Amino acid sequence: MHESGTGGAGAEGPRWRPLVSEAFKFGLVGGVGIAVNFAVFDLSRLLTPLSVFWCGFVGTGVAIVGNYLGFRYFTYRDRDKRRRVREFALFVLFSLAGLVIENGTLYAATVRLGWESPLQSNLAKAVGIVAATCFRFLTYRTWVFRPSRRPAAPGAAGHRPAQVTTVSGTGPAAGDVLSGGHQERRMPMSEAPIDQALILAGGRATRMRPYTDDVPKAMVPVGGVPIVAYQLAWLARHGVTRVTISGGYKHEAIRRYAGDGSRFGMEIRYAVESEPLGRGGGLKFAAGHLPAADAAFFVLNGDVITVFALPELSRFHHRSGAAVTVALSPYRSDWGVAELDEDGHRIRGFVQSPELPYWINAGVYVFGPEAVGMLPDRGDHEDHTFPQLARDGKLFGYRLGGYWRGLDTVKDVLQAAEEVPEAVGGLPPAFRTVPDAPG
């Protein structure tokens with residue numbers, strides 16, 4: 001069975017378009033910076049006793065600060081954010097080099113050539129700005145605001161090019177075989193910089209007994225395949241190559257099943273709690289085991305099965321400037337809802353389990369590294385961290401499109417077993433554990 005997309009080199013448009021777009025945004029920010037530069041320069045000459053040279057120095061310094069904010073949060077907002085200290089240090093270094101080029105030109109013109117009139121000094125400053133701008137464009141795009149590192153080269157285990165995915169039952173990695181009736185809208189891998197994830201799988205899940213008498217909740221089979229297998233396959237399909245699983249109760253069962261992650265086309269680590277820490281405490285503890293502590297990461301509750309385009313969630317998170325982004329799913333009632341006529345008394349019919357005009361936490365998140373320190377050592381992040389982030393304006397919601405099912409009870413497992421084959425697809429027999437218990 002094959003799932004295909006548009007394919008071909010033309011699917012993403014001409015290669016020069018991103019560079020033109022980048023140059024336009026760079027020029028827009030730079031243009032504002034130049035306006036600020038000249039304004040501060042002329043105001044300094046008018047209102048202060050500083051020499052022409054030092055007025056130019058002040059104008060350039062103010063413009064550099066404004067340019068950094070514009071480049072970081074507009075022109076290059078989707079670039080790699082994992083090494084912010086290094087980024088800022090290089091930005092200052094190359095900005096100072098540009099400062100030398102720009103003001104060196106002004107110094108040579110005014111001091112050496114005697115261009116002291118406003119027209120001459122502004123002309124000299126303009127020449128210096130053009131030279132410094134070209135230098136900064138090349139250095140900023142190459143060394144400062146670095147492109148996000150791609151998770152893996154096309155063709156590596158667990159990965160396919162974004163345009164075409166081949167599915168077979170001959171033993172490929174799980175990330176290649178998760179398919180089915182639900183077709184996800186997918187994006188080029190270059191737009192999916194987040195390549196690490198954390199799965200919270202430490203709960204006892206007493207409401208799901210007898211399924212959880214011998215295994216943790218993440219190992220409960222749905223259609224004969226554990227919940228965690230669907231999650232790992234979905235993550236692998238969207239370029240996640242490194243996963244940390246937070247475990248506690250019966251965690252050995254997950255380790256025996258998932259191993260080092262090689263058959264899913266990824267690397268799996270384990271963070272095992274010696275005592276229950278709660279969801280927030282467990283998340284903070286497990287975050288310390290991530291391979292890249294200074295990078296953003298996906299978080300999944302260990303009791304959800306879902307299918308939507310993770311790169312779009314990643315892009316939304318970076319563009320919003322959120323510390324944490326919460327995936328939201330439409331709220332579906334567990335009960336039938338009565339339809340009433342205009343007077344509100346006569347029943348016209350019932351709608352079974354309708355979607356209501358509310359959005360609920362889907363148990364899928366993007367965490368920025370700055371949010372980890374706000375997590376409690378013990379307790380629930382929804383009681384402590386999320387309210388504070390909401391007050392700070394740093395908590396965002398992403399309305400997902402696609403299949404989503406939370407699994408809290410035995411009834412949920414039975415319903416998911418009927419839905420998953422069509423909505424999500426299946427995994428080869430090698431990924432099954434035991435058949436579902438009869439209902």
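Model, not experiment: these values are computed from the prediction.
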Between Val304 and Gly363, which heavy-atom pair has the shortest distance, and what is it? CG2-O, 4.3 Å

Within the side chain of Gln231, is there an N or O that forms a donor-acceptor pair under 3.5 Å with the backbone of Asn301? yes

For the atom pair CG (Asp195) and CD (Glu267), what is the distance rounded to the nearest 0.5 Å? 10.0 Å

Only one of Val225, Thr306, Leu235, Val307 forms a side chain to side chain contact (heavy atoms under 4.5 Å, CB included) with Tyr230, so which one is it? Val225

With under 30° as parallel and over 60° as perpendicular, where do the rings of Tyr140 and Phe26 fit, or are they tilted in between? tilted

Please give me the minimum heavy-atom distance between Leu283 and Phe367, naming the atom from each residue. CD1-CZ, 3.9 Å

Near Phe91 CZ, under 6.0 Å, is it more than 12 heavy atoms from other residues, nucleotides or ligands? yes

Let me confirm one number: the CG-CZ distance from Asn67 to Arg136, rounded to the nearest 0.5 Å. 7.0 Å

Taking all atoms of both residues into account, what is the closest heavy-atom pair of Asn361 and Trp404, and its distance? O-CZ2, 4.2 Å

Measuring only between side-chain heavy atoms, which start at C-beta, is Asp383 closer than 4.5 Å to Phe386? no

What are the two closest non-hydrogen atoms of Ile101 and Ala132, and how far apart are they? CG2-N, 4.0 Å

Between Phe94 and Phe137, is the ring centre distance below 6.0 Å? no

Leu400 vs Leu313, test: side-chain contact (heavy atoms from CB on, under 4.5 Å). Steps then yes/no. CA-CA 8 Å; Leu400 64 85; Leu313 172 61; over 6 Å; no

How long is the span from the CD atom in Gln196 to the CE atom in Met266, to the nearest 0.5 Å? 12.0 Å

Any idea how Phe308 and Tyr398 line up, ring-wise: parallel (<30°), tilted (30 to 60°), or perpendicular (>60°)? tilted

Backbone N/O of Met374 and side chain of Gln388: donor-acceptor pair under 3.5 Å: no

Could you check whether any side-chain heavy atom of Lys394 comes within less than 4.5 Å of a side-chain heavy atom of Val324, counting everything from C-beta outward? no

Would you call Asn37 and Val62 a side-chain contact if the rule is heavy atoms closer than 4.5 Å? no

Does Arg263 qualify as a cation-pi partner of Tyr257, given the criterion of NZ or CZ under 6.0 Å from the six-membered ring centre and within 45 degrees of its axis? yes

Minimum side-chain heavy-atom gap His318-Ile194 below 4.5 Å: yes

Ring centres of Phe396 and His317 under 6.0 Å apart? no

Start with the C-alpha distance between Glu339 and Phe350, add both sets of side-chain angles, then the distance that settles side-chain contact (heavy atoms from CB on, under 4.5 Å), and finish with yes or no. CA-CA 6 Å; Glu339 289 189 332; Phe350 293 89; over 6 Å; no

Would you name the heavy atoms of Gly33 and Ala63 that are closest together and state the gap between them? O-CB, 3.5 Å

Of all heavy-atom pairs between Phe264 and Ala229, which one has the smallest distance, and what is that distance? CE2-O, 3.8 Å

When you compare the side chain of Trp234 with that of Leu300, does any pair of heavy atoms fall below 4.5 Å? yes

Under the 3.5 angstrom rule, does the side chain of Thr133 hit a backbone N or O of Ile129 as a donor-acceptor pair? yes

Can you tell me how far the CD1 atom of Ile199 sits from the OG atom of Ser246, to the nearest 0.5 Å? 10.5 Å

Can you tell me if Arg348 has over 12 outside heavy atoms packed within less than 6.0 Å of its CZ? yes

With a 4.5 Å cut-off on side-chain heavy atoms, are Val366 and Val299 touching? no

So does Phe285 get a backbone contact from the side chain of His289, meaning a donor-acceptor N/O pair under 3.5 Å? yes

In sequence, state the C-alpha distance, the side-chain angles, and the governing distance for Leu198 and Phe298, and then conclude on side-chain contact (heavy atoms from CB on, under 4.5 Å). CA-CA 6 Å; Leu198 194 159; Phe298 296 116; over 6 Å; no

Which value, rounded to the nearest 0.5 Å, describes the distance between Tyr68 atom OH and Ser95 atom OG? 10.0 Å

Compare all side-chain heavy atoms of Phe297 with those of Val372 and state whether any distance is below 4.5 angstrom. yes

With a 4.5 Å heavy-atom cut-off, do Pro330 and Trp359 have their side chains touching? yes

Got a second to check how far Asp380's CG is from Thr385's OG1, nearest 0.5 Å? 8.5 Å

Just by distance, do the side chain of Lys284 and the backbone of Asp377 share a donor-acceptor pair under 3.5 Å? no

Out of Val243, Thr244, Ile254, which residue meets the side chain to side chain contact (heavy atoms under 4.5 Å, CB included) rule with Tyr270? Ile254

Applying side-chain contact (heavy atoms from CB on, under 4.5 Å), run through Asp260 and Ile268 and close with a yes or a no. CA-CA 5 Å; Asp260 63 1; Ile268 295 180; 5.9 Å; no

